[in-house]
Amino acid sequence: MSIRVVRLGFSLPPLQRWITPTRCYIADILQPVLIDNDNVDRLAIAVHELLENCIKYTNGDHVRLEFEINSDGDEAIASIRTTNSALSLHVVDLCRRIDALNAAKDPIEHYDDVIRDSLIQGGSSLGLARVRAESNVHLSYQVQKDVVVVLGEMHVRVRKVI
Amino acid sequence: MRQLRLLPVVMEGFSIRPTLTASGLKIALQGSADMEARPSLSQFVPQAHEEAKRLAATEVFIDVHELYFINSVCLKSLVVWIDLLANAEPNNRYRLTFLVDSHLHWQDRSILALQRMAPDIVSVANWKGE
């Protein structure tokens, strides 16, 4: 039977100043929940990068972030879900990047390629590849009209409370 | 006497503090490098590279042991620094050494990604105190 260990939901105005406090808040909550502090760091980076992306590209007046950990026996999955509306060219670009990540045989090699390419293309564009390679978070997306949902998932180990 | 021509950057939650060392420069990044820090860091990087060249530095330390977070946009500024160094004339090159705190787990992964760009000029060492 699956047990929901953590469930957090945020509806935020698309302002950069909300990103760091949200990351710190989630990291503080995860600290006593997860066995491995390294996973707190990995998830904090993923939350920050995904939230930053959705705030940067939204064309709406708010974005949504949901964070959950669901445990089933010894297995637990942390999920980060961002939702925002965006211009279709940004949605297409996001989907292309995530498809490329998921098609890559080695996330680290792909990240190194993205770093090199970023020097030619300008902008940052490292965020999603970083989330995959450094945080070991698997990314997927759903698009409905101009609304894009990005889902990041990662296996974690949670402390047993009882 | 050598004099440093780089000014520190001090913001709420983030700072860049350059100092002279025997072999060149030490740049301490402290706090959280996020979107707010980006303009300062991206402006500082080419200035620091020019200053290292002017001082004929053989080594520049980037001390990140008190850097608790860096986003990918600020990481890109460090990517640009490594690229500037890799493309510099041989007589203007110096070694770039990141001083990390292994207790900050993200540093191993993020800084190693930078080192993989140019392992012959970028190294990583554990911060061992002043």
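Residue numbers start from 1 in every chain, and the chains themselves are labelled A, B, ... in the order their sequence lines are given, proteins ahead of strands.
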Colleague: Below 4.5 Å, heavy atoms only, C-beta onward: do B:S72 and A:H48 meet side chain to side chain?
Modeller: no

Colleague: Under 4.5 Å, counting heavy-atom pairs only, tell me which of B:R109, B:R116, B:M117 racks up the most with chain A.
Modeller: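 Heavy-atom pair counts peak at B:R109.
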
Colleague: Does A:R81, at its CZ atom, have more than 12 non-hydrogen atoms belonging to other residues, nucleotides or ligands within less than 6.0 Å?
Modeller: no

Colleague: Using the side-chain contact (heavy atoms from CB on, under 4.5 Å) rule, take A:L119 and B:V80 through it: C-alpha gap first, then chi angles, then the decisive distance, then the call.
Modeller: CA-CA 7 Å; A:L119 288 164; B:V80 167; 4.2 Å; yes

Colleague: Within the supplied structure, the quantity of interest is the number of heavy atoms (other residues, nucleotides, ligands) at a distance under 6.0 Å from B:Q47 CD; does it exceed 12?
Modeller: yes

Colleague: If you look at every heavy atom in A:E134 and B:A113, which pair is closest and at what distance?
Modeller: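 Smallest interatomic distance, heavy atoms only, reads OE2-CB, 4.4 Å.
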
Colleague: Do A:I35 and A:V33 land in one hydrophobic cluster if side-chain heavy atoms of ILVMFWY residues count as linked below 4.5 Å?
Modeller: no

Colleague: Answer with side chain, backbone, both or neither: which region of A:E49 has an atom nearer than 4.5 Å to a non-hydrogen atom of chain B?
Modeller: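 Contact with chain B: side chain only.
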
Colleague: B:K76 side chain to A:L126 main-chain N or O, any donor-acceptor pair under 3.5 Å?
Modeller: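 No: the side chain of B:K76 does not pair with the backbone of A:L126.
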
Colleague: Do you know which of A:E52, A:R116, A:R17 has the most heavy-atom pairs with chain B at a distance under 4.5 angstrom?
Modeller: A:E52

Colleague: Name the region of A:D38, side chain, backbone, both or neither, that has any atom closer than 4.5 Å to a heavy atom of chain B.
Modeller: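 Both backbone and side chain.
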
Colleague: Are A:L43 and A:V158 connected in the hydrophobic side-chain network, where two residues link if heavy atoms are under 4.5 Å apart?
Modeller: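 Hydrophobic grouping puts A:L43 with A:V158.
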
Colleague: With a 4.5 angstrom heavy-atom cut-off, is it the side chain or the backbone of B:L104 that approaches chain A, or both, or neither?
Modeller: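 The backbone, not the side chain.
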
Colleague: How about B:F69 and A:T20: do any of their side-chain heavy atoms sit closer than 4.5 Å?
Modeller: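 Answer no - side chains too far apart.
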
Colleague: Which atoms of B:S77 are under 4.5 Å from chain A, going by heavy atoms: the side chain, the backbone, both sets, or neither?
Modeller: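 Nothing of B:S77, per the 4.5 Å heavy-atom cut-off to chain A.
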
Colleague: A:D41 and B:W106: which non-hydrogen atoms are nearest, and at how many Å?
Modeller: OD2-N, 3.1 Å

